[in-house]
Amino acid sequence: MRVSVPHEWPESVERAEALQRELAPLVDPTTPDGLTVTTAAGLDVAYAEEGDLLVAAVVVLDVASLAVVDSATALAAPAFPYVPGLFAFRELPPLLGALERLSVTPDLLLADGQGLAHPRRFGLACHLGLVTGLPTAGVAKTPMTAHPPPGPNRGDHAPLTDDGGREVGRALRTRSGVKPVYVSVGHRIDLDRACAEVLRLCPRYRLPETTRAADQLCRAALREASHQDRPHQA
DNA sequence: GCGACAG
DNA sequence: ATCTTGTCGC
């Protein structure tokens with residue numbers, strides 16, 4: 001799929017935060033009429049130990065069968081340091097590279113991290129959503145926002161709230177008795193729908209199959225890349 | 001004011 | 001994110 005270059009690239013933490021504040025109001029937290037999610041893409045990034053290489057992967061699954069429809073990877077040098085709240089600027093370059101190599105356009109993007117459940121209400125999922133224009137949601141493994149614990153069964157959930165008490169996401173139990181995941185809206189999908197789609201993609205494990213597939217692929221691609229840089233003896 | 005803070 | 005073995009449990 002085609003992905004147009006975002007905006008100017010921030011050269012400081014201050015500029016990056018300012019950019020997030022500028023873009024946050026552009027997020028559309030509602031679902032387009034008639035949205036049908038037939039395919040969903042998982043996105044993830046693996047880091048080399050030396051910290052000098054990032055490898056992104058996107059895997060598109062047919063939601064009904066969980067069959068892989070398409071996938072792509074991309075390498076990139078880190079273009080921004082890891083700063084909590086700004087990590088989209090670290091992962092966006094390789095992720096957009098991988099998206100460009102996709103031959104299909106997914107109906108939904110699931111990012112590994114927060115969407116609106118972010119200090120400036122503009123996490124990675126929101127950024128990805130605005131850049132691609134696609135329905136996007138964030139599924140994080142750890143929360144950035146306060147939350148009461150959800151009930152113990154699959155499907156139970158509790159609101160993630162910001163300073164003002166507004167619901168910016170949900171702690172969603174995808175497997176009974178297992179730590180929940182933290183779902184928040186990225187762009188062009190509402191929270192109820194996002195949670196429903198995440199549950200559909202979690203028939204067996206805590207994390208969505210899309211995320212698991214992308215995680216597996218970027219790790220394999222990283223192994224491949226390191227192998228070429230430092231081939232074994234002879 | 002200080003600390004904590006997705007991956 | 002990454003470094004890491006075995007182990008308890010469904």
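Order of the sequence lines fixes the chain letters, A, B, ..., with proteins taken first and strands second; residue numbering starts at 1 for each chain. Values below: all heavy atoms of this structure, side chains included; hydrogens, waters and symmetry mates excluded.
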S.K.: When the distance from CG of A:D112 to C1' of B:dA6 is rounded to whole Å, what number comes out?
M.R.: 9 Å
S.K.: Please tell me whether A:F89 and A:F87 are part of a single hydrophobic cluster in this structure, the criterion being side-chain heavy atoms less than 4.5 Å apart.
M.R.: yes
S.K.: Looking at A:F122, does the NZ or CZ of A:R21 lie under 6.0 angstrom from its six-membered ring centre and within 45 degrees of the ring axis?
M.R.: no
S.K.: So that I can tick it off, tell me whether A:E8 and A:R15 are bridged by a salt bridge, with the cut-off set at under 4.0 angstrom between side-chain N and carboxylate O.
M.R.: yes
S.K.: Would you mind reading off the distance between A:R120 atom CZ and B:dA6 atom P, rounded to a whole angstrom?
M.R.: 13 Å
S.K.: Hey, does A:L54 reach any base, or is it just sugar-phosphate, or nothing, if we go heavy atoms under 4.0 Å?
M.R.: nothing
S.K.: Is there a side-chain polar atom (N or O) of A:Y82 under 4.0 Å from OP1 or OP2 of B:dA6?
M.R.: yes
S.K.: Within the structure, does a side-chain N or O atom of A:T142 lie under 4.0 Å from either OP1 or OP2 of B:dC5?
M.R.: no
S.K.: Can you check whether A:K141 has a side-chain N or O nearer than 4.0 Å to OP1 or OP2 of B:dA6?
M.R.: no
S.K.: For A:R219, report the nucleic acid contact type (base, sugar-phosphate, nothing); a contact means any heavy atom under 4.0 Å.
M.R.: sugar-phosphate
S.K.: If I take atom OH in residue A:Y47 and atom P in nucleotide B:dG7, what distance separates them, rounded to the nearest angstrom?
M.R.: 10 Å
S.K.: Could you check how far CD of A:E49 sits from P of B:dG7, rounded to whole Å?
M.R.: 20 Å
